[in-house]
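All remarks here apply to the structure that follows.
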Amino acid sequence: QVQLVESGGGLVQAGGSLRLSCAASGSIFRLNVMGWYRQPPGKQRELVASISSGGTTNYADSVKGRFTISADNAKNTVYLQMNSLKPEDTAVYYCKVGVTLVSRASVDSWGKGTLVTVSS
């Protein structure tokens with residue numbers, strides 16, 4: 001019912017920047033809370049940042065001041081601008097979107113993940 005396509009991951013040197021994108025498609029009436037999570041090697045998945053449909057943002061302490069989450073509701077797309085990247089930011093990054101469908105049912109959808117590797 002909802003498909004998420006993530007892009008923008010890759011290899012970058014410490015101090016560099018990357019921009020992740022997550023485009024949602026399907027029977028979407030409205031995007032609700034949208035977020036980015038990450039799972040470092042050997043660790044649990046954790047919330048990186050989230051944004052509500054009203055634009056309220058929330059960040060993990062470890063990325064505050066370096067990462068910025070934004071959304072383009074017209075394009076059903078959420079972005080994560082990552083600056084001043086550190087090796088500890090290396091992880092698979094996942095997009096998660098809370099969606100109200102055309103049927104008015106609510107679902108949460110996850111992307112397949114995109115790998116971000118930060119070299120020292």
Side-chain angles (χ1 to χ4, degrees):
Q1 291 174 316
V2 178
Q3 296 79 42
L4 300 179
V5 178
E6 298 152 327
S7 61
L11 174 64
V12 64
Q13 289 188 333
S17 298
L18 284 174
R19 188 192 195 206
L20 305 183
S21 299
C22 174
S25 61
S27 302
I28 298 170
F29 175 70
R30 182 182 62 236
L31 297 183
N32 301 320
V33 177
M34 296 162 280
W36 287 96
Y37 291 71
R38 68 185 181 187
Q39 186 165 15
K43 297 184 179 180
Q44 292 187 334
R45 193 174 298 188
E46 60 183 6
L47 175 66
V48 176
S50 65
I51 184 168
S52 71
S53 58
T56 300
T57 58
N58 180 53
Y59 295 93
D61 288 342
S62 58
V63 306
K64 283 181 180 177
R66 300 189 297 122
F67 291 10
T68 302
I69 189 170
S70 62
D72 185 334
N73 292 326
K75 296 182 178 180
N76 288 338
T77 300
V78 60
Y79 305 95
L80 185 68
Q81 177 67 43
M82 305 185 293
N83 299 327
S84 302
L85 283 161
K86 304 175 181 179
E88 52 263 42
D89 294 318
T90 295
V92 177
Y93 284 71
Y94 297 90
C95 171
K96 179 185 177 183
V97 178
V99 177
T100 299
L101 300 174
V102 171
S103 66
R104 298 305 189 268
S106 294
V107 297
D108 287 338
S109 294
W110 286 89
K112 294 182 178 180
T114 184
L115 178 62
V116 171
T117 303
V118 184
S119 63
S120 57

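All residue numbers refer to positions in the sequence shown, counting from 1. All of these numbers come straight from a predicted model, not from anything done at the bench.
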Would one find more than 12 heavy atoms of other residues, nucleotides or ligands at under 6.0 Å from atom CD of Gln1?
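Not more than 12 within 6.0 Å, no.
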Under 3.5 Å donor-acceptor pairs involving side-chain atoms of residues 22-36, not counting sequence neighbours:
residue	atom	partner	partner atom	Å
Arg30	NE	Asn32	OD1	2.9
Arg30	NH2	Thr100	OG1	3.4
Asn32	ND2	Thr100	OG1	2.9

Set of residues satisfying side chain to side chain contact (heavy atoms under 4.5 Å, CB included) with respect to Ser53, sequence neighbours excluded
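With neighbours one apart ignored, the set is empty.
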Tell me the ring pair (Phe, Tyr, Trp, His ring centres under 6.0 Å) pairs involving residues 39-67, sequence neighbours left out?
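Listed by first then second residue: nothing to list.
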Could you list the donor-acceptor pairs under 3.5 angstrom formed between side-chain atoms of residues 104-120 and any protein atom two or more places apart in sequence or on another chain?
residue	atom	partner	partner atom	Å
Arg104	NH1	Val102	O	2.9
Thr114	OG1	Gly9	N	3.3

Do [X] and [Y] belong to the same hydrophobic cluster, where Ile, Leu, Val, Met, Phe, Trp and Tyr are linked whenever their side-chain heavy atoms lie under 4.5 Å apart, directly or via other members?
X	Y	answer
Leu20	Leu85	yes
Val78	Val63	yes
Val48	Leu4	yes
Ile69	Met82	yes
Leu18	Val92	no

Please round to the nearest 0.5 Å and tell me the distance separating atom CD1 of Ile51 and atom OG1 of Thr56.
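Output value for this atom pair is 8.0 Å.
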Contacts table for residues 38-45: side-chain donor-acceptor under 3.5 angstrom, sequence neighbours left out:
residue	atom	partner	partner atom	Å
Arg38	NE	Glu46	OE2	2.7
Arg38	NH1	Asp89	OD1	2.9
Arg38	NH1	Tyr93	OH	3.0
Arg38	NH2	Glu46	OE2	3.4
Arg38	NH2	Ser62	OG	3.3
Gln39	NE2	Lys43	O	3.1

Of all the heavy-atom pairs spanning Ser50 and Leu47, show the shortest one and how long it is.
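Shortest heavy-atom contact: CB-CD1, 4.4 Å.
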Pairs satisfying side-chain hydrogen bond (donor to acceptor under 3.5 Å, both in side chains), at least one member in residues 70-83, at least two apart
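Residue pairs passing side-chain hydrogen bond (donor to acceptor under 3.5 Å, both in side chains), neighbours aside: Ser17-Asn83, Gln81-Asn83.
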